[in-house]
Amino acid sequence: MQRRKERNYEPGSGNRRKRGGWANRTSSIKKKRRGLGHSSTVRSDRCVSCTSFNILAPIYKQFSEEDQSCRESQYRAYWLSRNKSIIGRLLGDRSSIICLQEFWLGNDELVNMYEKQLGDAGYISFKLAWTNNRGDGLLTAVHRDYFRILKLLFNDFGDHVAQLLHVESVVPFWHRENSSIQQQFLIVNTHLLFPHDSSLCIVRLQQLYKILQYIETYQKEHNLEPMPVILCGDWNASKRGHVYKFLQSQGFISSYDTVHKYTDSDADAHKWISHRNHRGNICGVDFIWLLNPNKQRKPLRTSWNEAVFGIIKVNTYLSFVRASLTETIAFAFLKVDSPGNYITYSGFCQALYQLGLSGHPDGLSSEDTKVLWVQADTDGNGVVDYVEFLQRIWNPKCSEQPEEKTVSGTKGSPITGGDTQQQRAFGFDVKDAVLFPPEVERGMWPENYSLSDHAPLTVVFSPVKMPCGGPVC
């Protein structure tokens, strides 16, 4: 674990120094945000900024290494000072959208402080508690000068929830003599389950699947035009995990990785971090994802099946605890006690149970298992032979065509007018993305950073026109 002491982050100061990369980059971001709101002529520098931050609820923050039951929530002066500093940081950044996780909804004083100070700064706030009454939840704040709320929804998946906001720009991003277009897009704020053990990977994936399914259903039921989707939150999943790959298969891009040109390679996997967890491990788990309306996507269920097969492969490896797991050994494990050289449905179900993926309330349902089986049994003869195992479970490849057609021009062009709404969709380019404190951008966690055990992530998006074709528009 890499750690480094460099700067002192004073409470109440917004935790910002005049020297160093963060101050310069923050100034750059603010320059890009100017002009988002008040004239009818849309310029190419009109940007949307978004901050996602797990602020560590005081009921979870351990106050003593000797007594782990002692929490910050027991000491008003400490949690009050820390949260005042967090508010100072947020107001100093002036993002047009703020998504907070682990917001302490169980304390009225803290809730009122955030609502008042954010409200005085021009934000309208929406709160949502977890369904298991554990004391914290989500807060999403949108600046009323920039956006109006068309719809506020929430999705309940087990004891976790997600906020979904359908927003529209107050001032048109594009203006003509007789018409104008207010940019609409969807914002999601969520916090996925922490993976206390490998069996919970399937739970986290199910939570994400339900969120994407909810978004898809909402768009279809309301017959919405293609529009961008921004997903914010603490995903409790790194770049090397199934959640990251699942979102990529659905056309989403990681804003921070896109700006910094980081790939999915092992070399780039730990270039940045955003969290030091309760075990002392440092990792990158906070993301702001973007889906533009011209992106190619696999069918949602296909991505889900492939992700689950990936978890089966990983959990099979873990169950054997050996340096290398061959295809033959994995096939033999899934066969269970099958008399032939094939996997039966009952053996498949038994293997999923042994891997911890089913047989408990948060695991795969019988319907999920049947869908996976149909995906694996390609010839429909009731068993999965070795070839089907290799093609559908061990190294699954999508055999279905994408739902949407990719068109030339992935980044789009700045909005300057001259095109009809029917000819163009409107999306976002990622202009900048910054983590604080600056050490985390180099893969180090400073010991004297005390705002949270997470780093806030701020992303700047620029509205662009995107060519449409086929089923996209």
Between atom [atom1] of [X] and atom [atom2] of [Y], what is the distance when rounded to the nearest 0.5 Å?
X      : Y      : atom1 : atom2 : result
Ile312 : Cys201 : CD1   : SG    : 12.5 Å
Gln250 : Leu212 : CD    : CG    : 6.0 Å
Ile187 : Ile97  : CD1   : CD1   : 3.5 Å
Asp264 : Asp257 : CG    : CG    : 7.5 Å
Leu56  : Glu102 : CG    : CD    : 5.5 Å
Asp368 : Trp304 : CG    : CH2   : 5.5 Å

Ring centers of Tyr244, Phe287 separated by less than 6.0 Å: yes

Pair Phe185 and Phe147, ring centroids less than 6.0 Å apart: yes

Name of the residue among Arg148, Glu225, His166 meeting side chain to side chain donor-acceptor pair (under 3.5 Å) with Gln184: His166

Is it true that atom [atom1] of [X] has more than 12 heavy atoms of other residues, nucleotides or ligands lying nearer than 6.0 Å?
X      : atom1 : answer
Tyr214 : OH    : yes
Phe309 : CZ    : yes
Tyr353 : OH    : no

So does [Y] get a backbone contact from the side chain of [X], meaning a donor-acceptor N/O pair under 3.5 Å?
X      : Y      : value
Asp268 : Tyr262 : no
Ser81  : Tyr78  : no
Thr190 : Gly233 : no
Thr326 : Ile329 : yes
Glu388 : Thr378 : yes
Lys239 : Thr263 : yes
Glu306 : Ser303 : no
Ser238 : Gly284 : no
Asn292 : Asn294 : no
Gln101 : Gly137 : no

Worked verdict on Trp394 versus Leu334 for side chain to side chain contact (heavy atoms under 4.5 Å, CB included): CA-CA 11 Å; Trp394 188 257; Leu334 293 176; over 6 Å; no

Under-4.0 Å salt bridge between [X] and [Y]:
X      : Y      : result
Asp429 : Lys431 : no
Arg240 : Asp266 : yes
Glu447 : Arg276 : yes

[X] versus [Y], closest heavy-atom pair with distance:
X      : Y      : result
Gly135 : Trp104 : O-CD1, 3.4 Å
Glu109 : Asn107 : N-OD1, 3.1 Å
Ala237 : Val243 : CB-CB, 3.7 Å
Ala162 : Val188 : CB-CG1, 4.3 Å
Pro293 : Gly427 : CD-CA, 4.2 Å
Thr369 : Tyr345 : CG2-OH, 3.9 Å

Side chains of [X] and [Y]: does their closest heavy-atom pair fall under 4.5 Å?
X      : Y      : value
Lys271 : His260 : no
Arg82  : Pro58  : yes
Leu139 : Val111 : no
Glu327 : Leu390 : yes
Phe103 : Leu110 : yes
Cys349 : Trp373 : no
Gln62  : Arg71  : yes
His275 : Asp234 : no

Pair [X]-[Y], side-chain donor/acceptor within less than 3.5 Å:
X      : Y      : answer
Glu441 : Tyr256 : yes
Asn305 : Thr302 : no
Ser125 : Glu115 : no
Ser52  : Asp286 : no

With sequence neighbours excluded, residues passing side chain to side chain contact (heavy atoms under 4.5 Å, CB included) with His242: Leu205, Ile311, Val314

Ser346: partners by side-chain hydrogen bond (donor to acceptor under 3.5 Å, both in side chains), with sequence neighbours left out: Thr344

Side chain to side chain donor-acceptor pair (under 3.5 Å) between Tyr114 and Asn83, worked out: CA-CA 9 Å; Tyr114 272 85; Asn83 280 274; 2.7 Å; yes

Steps toward side chain to side chain contact (heavy atoms under 4.5 Å, CB included) verdict (Ser96, Ser49): CA-CA 5 Å; Ser96 43; Ser49 52; 3.4 Å; yes

Verdict with reasoning, Gln117 to Tyr123, per side chain to side chain contact (heavy atoms under 4.5 Å, CB included): CA-CA 9 Å; Gln117 294 197 36; Tyr123 292 91; over 6 Å; no

Whether Phe428 and Phe461 hold their rings parallel, tilted or perpendicular, with breakpoints at 30° and 60°: tilted

Residue that, paired with Val430, satisfies side-chain contact (heavy atoms from CB on, under 4.5 Å) out of Leu290, Val460, Ile288: Leu290

